[in-house]
Amino acid sequence: MGIHLMMEILIIVASFSIAIQAWLIVPYVLSNRRLYIGALFLALGLIEMIHTLSYKGMPFFIENSSPYSATWFYIIGRLTLPIGLLIIYILKPKKVRPAQRRITYGFAFLYAAIWMILVFNTNNLLPPLFIDGVGPTLLKKSLQFLSLLLQITLIVYLWKNRNSSLIEKTMIIIGSIFMILGDVMFTSYFKVNDIRNFIGHVLQLVSYHYFLKALYYSSVEEPFKLLIETKAKLESSKESLHYTAFHDELTGLPNSRLLNELLTTELQKKDTKTAILMIKIDRLKVIYESLGTTFTDTIIQEVSHRLRKSLPTEIFISRISGGEFTIILQEVKEQEEIVKVCNQIHQVMKEQFQIQHFQLKVNLNIGVTIYPDHGQSIEELLKHAQIAMRKARKEVKRYVFYKPKMEQHLEERLLLEHDLHNALENGELFLEYQPQVDVSTGRIDFVEALLRWKHPKKGMISPATFIPIAEETGLIVPIGEWVLETACRQTKKWHDEGISTLGVAVNLSIRQFLQHNLVEIVKDTLEKTHLSPDYLELEITESMTMDKHYTIETLHNLKQLGVKIAIDDFGTGYSSLSYLKDFPIDCLKIDRAFVKNIHSNDRDALLISMIISLAKHLKLKIVAEGVEEIDQFEFLAELDCDYIQGYLCGKPLSPDELLFKLEASQQQNYSYI
């Protein structure tokens, strides 16, 4: 009796523990499932308590204890648990308000009270479930088997249900299995103090233990684990965000934020010098416009890899933007240390970059400033380093230390850039035309249109000065379209004035060539100016031909219009004999650098001979640029060069001056030399 009572008390304590735990956690979890489980076990605890108090041998409670009331409260509890759990887990999970606890727990008290009224009714409304000396009745066994069936149904449902936590479901299923085993014991005992009855209570207590663990896990342990995991993820995310915020995504190098932090620290040191090396990949924009983002990104990554690999780990390297990098040399004592690093950087860049089927030579321009000699603030030092970096492009050694006069040059360049935006609208741009003379006849069959700029205050501006500005700013596109239309219109005018066989050559910038509507622009220009396409020759440079597929397609489309295609500055760019075969080219123009050294450099003379021979075999027209001396002309004539262009046969002329020369040459049987 004592052991049985102890087991009952433990079951009651377990039930109320689950109810109390649910009551406490609902304001934080706000789960209807947790609330209903708490109310269910409150009702079970009350029923188990009444069952214990009404057990035979217990003190007076409402009426004398009897097997009738004790057994009924036991059966009520056995049926309430599986039915309640099944309903709770079938209901859709949703949030509840904390105030709903009182109402829900009130229903638990009401539920227990209703059964008390039914069981303790003096008329014994319910049939007996246990008879002393006989054991459980058929009804009790049937109800217990029903409880067992409900427990099995609960197990199956939970196993298939995906809306609950796996551990929570496992705990409930294990508890249900122990409850089923307890039911088996309870259906087979004959006396209240039978060992099977005792084992049934032990199994019931164990099942309640697992129900309590399920509620504890889902309401306390699982949220706590999630909290720990969330905290760990948050810490990891903070580290990741910190890394992302201070490092470049493409190269993994520190970015400008980390650079500014380091320089802020360095500039606080009064007794040491700090060198800032601003580095830029030369002609990266040309590569981008020719080959696209994938190629430029690969080059940037490879440059960063070579820089990091070649320099000591204590040297700070960062990527600012695009193809720009910054290196910080701390505690510099002598300028030779900086020069050594610059030479080391250029040394690792000598090896060509292999990107897909291209081999590219990449140069870096380096501008150097030293704190405190060249500035006191971060902005000032970086600005001066950029100024020196732009200057380095024109230097053979490709690194330059900042000097104050460089800033004045930059200001002048910025003013020119500003004025260039208005030059086209203000009519400051104009064209001159340089003759291309047939070596065998002396006739002028073609002229090259050359862009000129007469500044209203500064006078004539060299094309070598303003054309790079136009290319960098993108102004070269509208200016190039204007050049094309003006040259075509002027050529048509010459035709109308009697020079009907004259053609014109127009240079295309790389930005123009890469325009998706280039063919339409050329076609519209020819239609607008009424110039026959036979008299227009478009000159492109070798650097535009790196994207072979695009070049072939564009050139073939241009050829379909009837225009001619020339390769300008042949031999100085990304030379490849294969494109002479694949591209629909009409003309090769030998760069003036080769012509200039014909007599002083045997190799240049040999190269010119080879180029002319190759062009003859491919049936291409040859134009030699930069011919200024008679012996250069004689050498080219011996090699059977087709045309020459240069000051020997005529400097660039205005349309009226050229017309006068053309008319004069016609009167002299087209001899111009």
Side-chain angles (χ1 to χ4, degrees), residues 239 242-282 284 297-351 353 361-393 395 397-403:
E239 293 177 4
H242 183 272
Y243 182 87
T244 303
F246 289 93
H247 289 79
D248 173 57
E249 183 179 358
L250 181 63
T251 63
L253 293 175
N255 59 17
S256 56
R257 290 190 183 92
L258 204 53
L259 171 67
N260 286 333
E261 284 193 3
L262 176 64
L263 287 177
T264 300
T265 304
E266 286 298 308
L267 266 56
Q268 293 173 354
K269 300 177 182 178
K270 303 296 183 183
D271 300 328
T272 61
K273 290 187 176 184
T274 301
I276 301 175
L277 279 64
M278 186 72 72
I279 302 171
K280 186 172 185 178
I281 301 173
D282 191 42
L284 185 65
D297 285 350
T298 304
I299 289 173
I300 291 169
Q301 288 173 327
E302 181 63 22
V303 168
S304 69
H305 174 71
R306 292 191 187 184
L307 288 174
R308 186 68 283 171
K309 186 178 179 181
S310 63
L311 297 176
T313 54
E314 63 269 15
I315 291 181
F316 180 87
I317 308 173
S318 65
R319 181 192 175 210
I320 306 303
S321 63
E324 292 188 2
F325 300 84
T326 303
I327 293 177
I328 306 300
L329 302 180
Q330 300 166 298
E331 299 182 3
V332 175
K333 295 181 175 61
E334 298 179 357
Q335 186 170 311
E336 306 307 325
E337 298 177 35
I338 306 171
V339 172
K340 182 180 178 181
V341 172
C342 291
N343 289 330
Q344 192 173 349
I345 291 170
H346 286 313
Q347 184 65 33
V348 298
M349 292 298 155
K350 284 186 176 180
E351 183 182 351
F353 288 68
K361 180 70 172 69
V362 175
N363 293 314
L364 302 182
N365 304 318
I366 306 174
V368 183
T369 53
I370 301 173
Y371 169 80
D373 300 349
H374 300 147
Q376 299 294 321
S377 67
I378 296 174
E379 294 78 9
E380 191 176 15
L381 288 165
L382 292 177
K383 174 187 173 184
H384 291 165
Q386 284 187 325
I387 292 171
M389 179 184 69
R390 292 191 183 99
K391 186 73 173 175
R393 184 178 184 181
E395 301 292 326
K397 57 187 179 181
R398 287 191 178 270
Y399 65 84
V400 170
F401 286 79
Y402 171 78
K403 294 179 182 178

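Sequential numbering from 1 along the given sequence is applied to the chain's residues.
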Practice prompt. Count the heavy atoms of every other residue, nucleotide or ligand shown that sit under 6.0 Å from CD of Glu351, and state whether that count exceeds 12.
Written response: no
Worksheet item: When rounded to the nearest 0.5 angstrom, what is the spacing between CG in Leu307 and NE2 in His305?
Response: 10.5 Å
Worksheet item: Less than 4.5 Å apart, any side-chain heavy atom of Phe353 and any of Val303?
Response: yes
Practice prompt. From the options Thr326, Ile276, Ile327, Leu258, select the one residue that forms a side chain to side chain contact (heavy atoms under 4.5 Å, CB included) with Phe316.
Written response: Leu258
Fill in: Approximate separation, where rounding is to 0.5 Å, of Glu324 CD and Ile281 CD1
9.5 Å
Discussion item. Quick check for you: to the nearest 0.5 Å, what is the distance between His346 atom NE2 and Lys350 atom NZ?
Written reply: 10.0 Å
Discussion item. Could you measure the distance from the OH atom of Tyr371 to the CD atom of Glu380? Nearest 0.5 Å is fine.
Written reply: 11.0 Å
Fill in: Distance-only side-chain donor-acceptor flag, Asp248 / Asn255, under 3.5 Å
no
Worksheet item: How far apart are the C-alpha atoms of Met278 and Ile366, what are their side-chain angles, what is the distance that settles it, and do they pass the side-chain contact (heavy atoms from CB on, under 4.5 Å) test?
Response: CA-CA 6 Å; Met278 186 72 72; Ile366 306 174; over 6 Å; no
Worksheet item: Taking 4.0 angstrom as the limit, do Glu302 and Arg306 come out as a salt bridge?
Response: yes
Worksheet item: Once you round to the nearest 0.5 Å, how far does CG of Leu250 lie from CD of Gln301?
Response: 4.5 Å
Discussion item. I'd like to check Val332 versus Leu329 (side-chain heavy atoms, cut-off strictly below 4.5 Å). Are they in contact?
Written reply: yes
Item to complete: Carefully, step by step, assess Arg393 and Asp282 under the rule side-chain contact (heavy atoms from CB on, under 4.5 Å).
Response: CA-CA 8 Å; Arg393 184 178 184 181; Asp282 191 42; 3.1 Å; yes
Worksheet item: So, do Ile387 and Lys391 sit near enough that their side-chain heavy atoms are less than 4.5 Å apart?
Response: no
Item to complete: Would you mind reporting whether Leu262 and Ile328 have side-chain heavy atoms less than 4.5 Å apart?
Response: yes
Worksheet item: Side chains of Leu311 and Gln344: closer than 4.5 Å at any heavy-atom pair?
Response: yes
Discussion item. Suppose we screen for ring pair (Phe, Tyr, Trp, His ring centres under 6.0 Å). Which residues come up paired with Tyr402, at least two apart in sequence or across chains?
Written reply: His374, His384
Fill in: Exercise: do Thr274 and Gln330 side chains pair donor with acceptor under 3.5 Å
no
Worksheet item: Got a second to check how far Leu382's CG is from Ser256's OG, nearest 0.5 Å?
Response: 9.5 Å
Worksheet entry | Taking every non-hydrogen atom, the tightest pair across Leu284 and Gly322 | CD2-C, 4.4 Å
Worksheet item: Side chains of Asn365 and Arg398: donor-acceptor distance under 3.5 Å anywhere?
Response: yes
Worksheet entry | Worked check of side-chain contact (heavy atoms from CB on, under 4.5 Å) between Val339 and Tyr399 | CA-CA 8 Å; Val339 172; Tyr399 65 84; 3.2 Å; yes
Worksheet entry | Considering all heavy atoms, the nearest Ala385-Thr369 contact | N-CG2, 3.1 Å
Practice prompt. For Ile370 and Leu381, work out which heavy atoms get closest and say how close.
Written response: O-CD2, 4.1 Å
Discussion item. Quick one: does any side-chain atom of Glu337 pair with a main-chain N or O of Lys333 as donor and acceptor, under 3.5 Å?
Written reply: yes
Worksheet item: Does the pair Ser304 and Phe325 meet the rule for a side-chain contact (heavy atoms from CB on, under 4.5 Å), with working shown?
Response: CA-CA 8 Å; Ser304 69; Phe325 300 84; 3.8 Å; yes
Discussion item. Surrounding CD of Glu249 (heavy atoms of other residues, nucleotides or ligands, distance under 6.0 Å), is the total greater than 12?
Written reply: no
Discussion item. Within the supplied structure, the quantity of interest is the number of heavy atoms (other residues, nucleotides, ligands) at a distance under 6.0 Å from Arg308 CZ; does it exceed 12?
Written reply: yes
